[in-house]
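What follows is a set of notes on a single structure, which appears directly below.
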Amino acid sequence: QVQLVQTGGGLVQPGESLRLSCTASRSIFSAGGMSWYRQRPGQRREWVAGITLDGNTIYLVSVKGRFTISRDNAKNTMYLQMNNLKPEDTAVYYCNSPASGSWGQGTQVTVSS
């Protein structure tokens, strides 16, 4: 049973933007904070950003100021707005619900000229 469904991603040039979405079941979304992770080629999955149930946010240093995590509790959806993308942001991005242990299916983001 799929509980976190991701949309968005794709191929963009450096400096461009993308927005990822992650829609969860109500029970998962209301359980608490949510996070985004990514796995770059040949590397381990790393945490990127997190947001609490009441909207407090925290970011990986390398994306702070470029990425914005947000959530719409009415839509049970979390977003990751990624601006000024760099080639090193190329990765498969995953959403995560720590409280439930659920993961999204992953979405590819490729930044290349």
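Residues Q39 and E46 have side chains not in contact (no heavy-atom distance under 4.5 Å, counting atoms from C-beta outward). Side-chain contact between L80 and L18 is absent, with no heavy atoms from C-beta onward closer than 4.5 Å. Between S17 and Q81, some side-chain heavy-atom pair lies under the 4.5 Å cut-off. Put simply, the side chain of M34 reaches to within 4.5 Å of the side chain of L4, judged on heavy atoms. In this structure, V48 and F67 have side chains that are in contact, with non-hydrogen atoms separated by less than 4.5 Å. Contact annotation: the side chain of Y79 never approaches that of R71 to less than 4.5 Å [non-hydrogen atoms, C-beta and beyond]. In this structure, W47 and I58 have side chains that are in contact, with non-hydrogen atoms separated by less than 4.5 Å. Side chains of L20 and T7 form no contact here, defined as non-hydrogen atoms less than 4.5 Å apart.
A perpendicular orientation is assigned to the rings of W103 and Y94, their planes being inclined by more than 60° (bins at 30° and 60°).
With hydrogens and angles ignored, the 3.5 Å screen pairs a side-chain donor or acceptor of N96 with a backbone N or O of S102. Although no hydrogens or angles enter the test, the distance criterion places no donor-acceptor pair under 3.5 Å between the side chain of S97 and the main chain of G101.
I28 contributes atom CD1, which lies 11.5 Å from atom OG1 of T23 (distance to the nearest 0.5 angstrom). For the atom pair OG1 of T68 and CZ of R66, the computed distance is 11.0 Å after rounding to the nearest 0.5 Å. How far CG of N73 is from OG of S30: 9.0 Å, rounded to the nearest 0.5 Å. C95 contributes atom SG, which lies 5.0 Å from atom CE of M78 (distance to the nearest 0.5 angstrom). Separation of atoms CG (L60) and CH2 (W36) is listed at 15.0 Å; rounding is to 0.5 Å. Within the model, atoms CG of L11 and CD of E16 stand 8.5 Å from one another, a figure rounded to the nearest 0.5 Å.
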Quiz item: Which is it for S21 and T77 under the side chain to side chain donor-acceptor pair (under 3.5 Å) test, yes or no, and what are the steps along the way?
Solution: CA-CA 7 Å; S21 299; T77 299; over 6 Å; no
Practice problem: May I have the step-by-step check of side-chain contact (heavy atoms from CB on, under 4.5 Å) for V111 and K86, ending in yes or no? | Solution: CA-CA 6 Å; V111 186; K86 303 177 180 181; 5.5 Å; no
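Screening Q108, R38, Q6 against Y93 for a side-chain hydrogen bond (donor to acceptor under 3.5 Å, both in side chains) leaves a single residue, R38.
Closest approach of S35 to P98, counting heavy atoms only: OG-CG, 4.3 Å. Minimum interatomic distance between S112 and P14 (heavy atoms only, all atoms of both residues): C-CD, 3.7 Å.
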